[in-house]
Number of protein chains: 2
Amino acid sequence: MGSRTTRQRRAVLRALATCTDFVAAQDLYARLVADAHSIGLTTVYRALRELEAEGGVDVIREDDGGRLYRLRPADGHRHYLICRCCGRSRPVDSEVVEDWAARIATDTGFAAVEHTVELTGLCTDCHLTGDEQGEPPCRLEPDSRDRRSSYAR
Amino acid sequence: MGSRTTRQRRAVLRALATCTDFVAAQDLYARLVADAHSIGLTTVYRALRELEAEGGVDVIREDDGGRLYRLRPADGHRHYLICRCCGRSRPVDSEVVEDWAARIATDTGFAAVEHTVELTGLCTDCHLTGDEQGEPPCRLEPDSRDRRSSYAR
DNA sequence: TTGTTTGCAAAAAGTTTGCATAATC
DNA sequence: GATTATGCAAACTTTTTGCAAACAA
């Protein structure tokens, strides 16, 4: 009934540790394959889902419903500010929000309250380059479609 | 170049106003059809996407990437606490979060910062009924799959 | 040995698009 | 009359599942 340590799971974890930012399952798979690993896409999906379930990764959602994963820091989950333009993310201080969520939980009587918080914007780099409308001014799609397309199945 | 008022768009808006909670595009479509309206699913999707773009609706995302829509109150956008069990939602006071997001925006220099905030939990009703593990204890799926299934295409 | 994990191919689901027709302004 | 909206069917994308073979313990 226990969980087993396999070559593939180790590889996924190591690849995830290598990433400096959020990655899509497909990207991670592509990286692994490009890195001469032998692994199936299904396995990558399963590994990420398991990691998500046990809280090993932070997850953000793309507009189209896709998921992006990032290894969670040892000191607990974090929230991020993501550039809609270049896709880069940075963790933000979210104590306030954590407290707020906890307060809501007690105030409402809801149990097992969980929260999803995402911030998006245009980083200064992208902001300087493109127009300021808030919609894709730069070289990359707002969601990471570009990063992914080069590895289309 | 302007947007036109059509029978279908009016119907979507009216149906949305009728809903007391978040609905999926497919559900809204099913309701409209059941209500003897003549409308296409595509049109519903388009209408909702337009409403979303112009800020007429609040949107939450399901685990599977689906979207649920709810007419936005006249006094601006809101955030919600959603029961993972029965799917019902209630608006929560989120001034704290709004302020926090604004602060992050100025602190980081990011432009056009937007935020997504969702709270989920188990409402007291559901909590009393099922076990307390935080996973689907009740009669309904944690995401609204049940509400939708009865109208499957 | 025994129960897990893998991975391929196929399925699934929700949403979007092509395009001819219909309706609005 | 010009432009915009509609709606059907087909396409698309990402993720999940069935199942036999491979593998860890």
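Below, read A as the first sequence line, B as the second, and so on, with proteins coming before strands; counting in each chain starts at 1. The model shown is predicted, which means the values in this text are computed figures rather than measured ones.
Each of A/I39 and B/T5 has a nearest nucleotide on DNA chain C; the 5'-most of these lies closest to A/I39. Both B/T6 and A/R9 lie near DNA chain C, and the one whose nearest nucleotide falls closer to the 5' end is A/R9. Ranked by how close their nearest DNA chain D nucleotide is to the 5' end, B/Q8 and B/R4 are led by B/R4.
One cannot find a donor-acceptor pair under 3.5 Å joining the base of C/dT6 and the side-chain atoms of A/R46.
Within the 4.5 Å cutoff, the side chain of B/H77 has heavy atoms near those of the B/E98 side chain. A/C19 has its side chain within reach of A/R31: a pair of non-hydrogen atoms, C-beta onward, lies under 4.5 Å apart.
At whole-Å resolution of the value, CD in B/Q26 and P in D/dG7 are 16 Å apart. To the nearest angstrom, P of D/dT6 lies 14 Å from OH of B/Y29. Atom CG in A/L41 sits about 13 Å away from atom C1' in C/dT6, given to the nearest Å. Rounded to whole Å, atom C1' of C/dT15 lies 9 Å from atom CZ of B/R49. Taking atom CG on B/L28 and atom C1' on C/dT15, their separation rounds to 15 Å, with Å as the unit. Taking atom CG of B/D64 as the reference point, atom C1' of D/dT16 lies 11 Å away to the nearest angstrom. The nearest whole Å value for the distance from the CG atom in B/L48 to the C1' atom in C/dG14 is 13 Å. Summarising the geometry, the separation between CD1 on B/I60 and C1' on C/dG14 is reported as 16 Å, rounded to the nearest angstrom.
Which of D/dA9, D/dT17, D/dT15 sits closest to the side chain of A/A25 comes down to D/dT15. With C/dG7, C/dT15, C/dT17 as the candidates, the nucleotide lying closest to the side chain of B/Y45 is C/dT15.
Following chains of ILVMFWY side-chain contacts shorter than 4.5 Å, one cannot reach B/Y80 starting from B/V96, and the two form parts of different hydrophobic clusters.
At D/dG7, one or more side-chain N or O atoms of B/T43 fall inside 4.0 Å of OP1 or OP2 (strictly under the cut-off).
Here CG of A/D64 is found 8.5 Å from CZ of B/R67. Values are rounded to the nearest 0.5 Å.
Across every non-hydrogen atom of A/F110 and B/C123, the tightest pair is CZ-CB, 3.4 Å.
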